[in-house]
Amino acid sequence: MSDVRFVPNGIVTLTTDFGTSDGYVGAMKGVVLRHAPGLALLDIAHGIEPQNVSHGAAVLRAACPEFPAGTVHLCVVDPGVGTARAPMVVLAGGHAFVGPDNGLTALASAALGGVVEARRIDATGALASVLPRVPSNTFHGRDVFAPTAAALASGHVAPADVGPPLDPTPLPQEPPVREADAVRGHVAYVDRFGNAVTNVSAEDLSSLDPDGRSAEAAGRSIDLVATYGDVEEGRPCALVGSEGFLEIAIRAGNAAASLGLTTGSPVRITNRSKR
Amino acid sequence: MSDVRFVPNGIVTLTTDFGTSDGYVGAMKGVVLRHAPGLALLDIAHGIEPQNVSHGAAVLRAACPEFPAGTVHLCVVDPGVGTARAPMVVLAGGHAFVGPDNGLTALASAALGGVVEARRIDATGALASVLPRVPSNTFHGRDVFAPTAAALASGHVAPADVGPPLDPTPLPQEPPVREADAVRGHVAYVDRFGNAVTNVSAEDLSSLDPDGRSAEAAGRSIDLVATYGDVEEGRPCALVGSEGFLEIAIRAGNAAASLGLTTGSPVRITNRSKR
Amino acid sequence: MSDVRFVPNGIVTLTTDFGTSDGYVGAMKGVVLRHAPGLALLDIAHGIEPQNVSHGAAVLRAACPEFPAGTVHLCVVDPGVGTARAPMVVLAGGHAFVGPDNGLTALASAALGGVVEARRIDATGALASVLPRVPSNTFHGRDVFAPTAAALASGHVAPADVGPPLDPTPLPQEPPVREADAVRGHVAYVDRFGNAVTNVSAEDLSSLDPDGRSAEAAGRSIDLVATYGDVEEGRPCALVGSEGFLEIAIRAGNAAASLGLTTGSPVRITNRSKR
């Protein structure tokens with residue numbers, strides 16, 4: 001648990017599954033700036049697969065912890081909009097996350113040292129002057145999350161005044177399994193380059209022989225390497241990627257397309273010498 | 001008609017059909033900042049369907065009115081570049097729109113209370129020092145609209161000095177038709193989630209029985225509901241969306257793809273009890 | 001050669017092949033702002049074709065020179081990450097470019113008057129406090145280029161202190177060939193509208209008869225025109241585009257798709273009267 005307090009720095013990031021061809025992202029930006037014109041707005045990504053909370057969680061984990069403490073992260077991948085899922089604010093490592101309580105921010109807050117405080121957004125409390133009593137049924141990003149993010153980032157409302165405490169919903173996803181001489185995991189997502197990023201971390205691999213490890217994916221054996229430069233172009237390899245997770249890649253190629261890997265595909269890492 | 005005057009607030013939004021893989025958007029941003037380095041630039045959307053003015057108009061309607069008064073909206077969906085269509089500035093609700101006179105900003109300015117003032121951009125008047133005498137034949141976004149937006153947003157040029165008055169071209173699109181016990185409209189655009197957003201507003205529906213309405217689209221009858229939570233996953237429904245227009249949706253699904261709806265598809269809303 | 005010195009203006013642009021659905025761009029933005037929270041970050045384009053250095057070079061040429069002098073351009077299209085290719089800083093026309101030494105910034109720096117100074121980024125010199133001794137093997141955008149851009153844009157490190165001088169790698173691409181009564185070139189890239197932009201500049205065409213030129217592409221003869229307005233809708237034409245290069249276009253259509261033109265397709269411009 002981090003003991004870093006949240007002191008707003010005027011930066012608000014945006015991550016959504018709204019894409020770049022509709023007006024939803026722009027509407028949210030407009031609302032934030034209407035409430036607090038001096039804030040700095042930064043796009044993280046709006047191409048999250050529609051309603052794929054796990055994909056959004058992985059993107060937030062990669063990006064949010066790099067920002068300075070005091071940043072507000074406005075996060076909207078919200079398949080449950082219009083149902084009873086809670087709108088929430090979560091504090092972790094001096095950062096604030098604003099979005100639906102569906103696990104979306106779980107990996108990023110864990111990477112920042114864990115949740116320090118979580119609140120359900122209450123439209124009848126300190127936020128009453130900026131939240132509608134009855135938000136739209138379909139667009140809480142604009143009506144609930146954007147005004148809340150603006151209020152937090154500008155310091156108009158303190159996190160403790162957002163609403164009652166809440167126990168955040170975890171991200172529903174299986175952790176990797178450590179066996180005697182192997183680790184079993186799966187592909188968490190495929191990035192734009194076709195790299196199949198798994199849920200197996202460098203730490204998960206620490207029980208295996210560092211010099212004799214091999215990955216099995218898509219029915220074939222793939223060598224673990226330290227960097228793309230260690231393997232010839234066109235040949236599959238497995239390496240620990242920039243966020244500390246094992247990924248299956250092909251230098252100058254698209255591993256997911258070539259090997260038929262998709263989200264959920266099983267991956268097994270073994271001690272090569274023991275097979 | 002709004003009587004709100006335009007007082008620039010230093011914010012410039014950008015909406016184009018230029019996509020995210022070419023240099024056009026970056027060139028426009030560079031020009032704006034070269035003329036006025038302190039302005040805040042905000043992307044609304046660059047994935048407007050190429051040269052689809054109606055799509056751009058719907059996106060601007062959704063996003064622009066959310067920004068604070070004093071914002072300049074730089075809007076470029078310009079199939080007529082290189083022809084005689086006029087470059088223009090339009091004021092509405094304290095906002096300024098800069099772009100081609102082709103109906104692109106018509107819905108947004110109407111949503112802001114209507115056009116207060118419209119001017120044809122004149123390269124020989126107050127803007128002479130920032131506009132080229134002969135712009136490129138293909139890229140007025142960079143050569144005409146970006147410098148004009150910078151001049152307005154920084155206060156260097158007042159709207160009244162942009163050029164002679166102009167009567168803006170309306171957006172060429174059919175309004176919905178109200179019949180005795182029904183309203184007929186069409187799909188205005190399909191959003192990233194596959195929601196088919198129609199041109200039928202909540203107000204258009206006010207003459208029908210609120211408890212007994214049904215939509216007909218793609219040859220089938222679809223229930224009107226208040227929110228996604230009122231319908232089971234996978235089942236089509238019709239609801240008034242976040243911008244006040246009826247949309248055909250499938251919770252946790254893609255309505256347009258599943259039902260075969262595209263821009264222009266007819267939609268009819270009736271009193272269920274009267275059929 | 002330009003003699004304009006680099007004096008940072010607080011603006012950092014970002015151009016990558018990282019797309020809008022992963023966390024890579026957001027991670028870079030976070031790192032820049034963690035090092036220097038007051039900088040203004042502007043997206044140029046993140047949809048560069050994965051690992052296509054020539055595509056990135058064309059986008060940078062179109063956008064970067066429009067920004068004011070003093071801008072830092074953070075440019076990452078980096079198929080050689082994890083190999084021996086150098087990380088570098090290049091100065092041209094008062095702008096600074098930060099990225100891999102692979103030709104990516106060659107066209108933009110040429111358009112700005114040519115390279116004034118180039119340095120290899122050295123993690124043991126003035127940048128030692130912001131660069132990791134051992135960066136990740138796969139993501140130098142976050143670990144090397146973003147901290148360097150922040151240090152330059154904020155004035156914390158001067159370009160001369162980045163590292164030892166370097167002779168930048170040129171962009172590997174064939175120039176157009178001038179023949180007696182013709183110029184031969186090729187399609188450099190296809191933009192979002194389907195315009196096939198060639199490597200043939202207006203200057204390359206100056207030796208031909210201005211009133212009697214014709215282009216040959218995809219096995220057919222295409223008229224050269226001054227603007228889209230000079231040709232009827234649906235008919236192919238060739239014109240000098242907004243960046244000064246010949247492009248094959250179809251007004252209100254997609255020339256590349258209709259004619260079968262792709263990157264590398266040959267184009268020949270002749271004196272029509274001489275054929």
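Excluded from the calculations below are hydrogen atoms, water molecules and symmetry mates; all remaining heavy atoms, backbone and side chain alike, are included. Quick note on labels: first sequence line is chain A, next is B, and so on, each numbered from 1. The structure presented is a predicted model; accordingly, all values stated were derived computationally and were not measured.
- Using a 4.5 Å cut-off between heavy atoms, B:Asp43 contacts chain A through both its backbone and its side chain.
- The salt bridge (charged side-chain N to carboxylate O under 4.0 Å, His left out) test applied to A:Arg120 returns no partner, not counting sequence neighbours.
- Screening residues 231-259 of chain B for ring-ring contact (aromatic ring centres under 6.0 Å, His included), with sequence neighbours left out, gives no hits.
- Annotation: maximal heavy-atom pairing with chain B below 4.5 Å, among A:Val32, A:Val31, A:Thr83, A:Val25, occurs at A:Val31.
- The main-chain N or O of A:Asp22 is never found under 3.5 Å from a side-chain atom of B:Arg192 such that the two would form a donor-acceptor pair.
- For the atom pair CG of A:Leu33 and CG of B:Asn9, the computed distance is 8.5 Å after rounding to the nearest 0.5 Å.
- Summarising the geometry, atom CD1 belonging to B:Ile11 is positioned 11.5 Å from atom CZ belonging to A:Arg34; distances are rounded to the nearest 0.5 Å.
- Legend: residues meeting ring-ring contact (aromatic ring centres under 6.0 Å, His included) with A:Phe97, ordered by chain and number and at least two apart, are A:His73.
- Interface residue B:Asp191: backbone and side-chain heavy atoms are both found under 4.5 Å from chain A.
- Residues of residues 44-70 of chain A lying under 4.5 angstrom from chain B, judged on non-hydrogen atoms, are A:His46, A:Gly47, A:Ile48, A:Pro50, A:Gln51 in numerical order.
- Nearest approach of B:Glu243 to A:Tyr24, heavy atoms of both residues: OE2-CE2, 4.1 Å.
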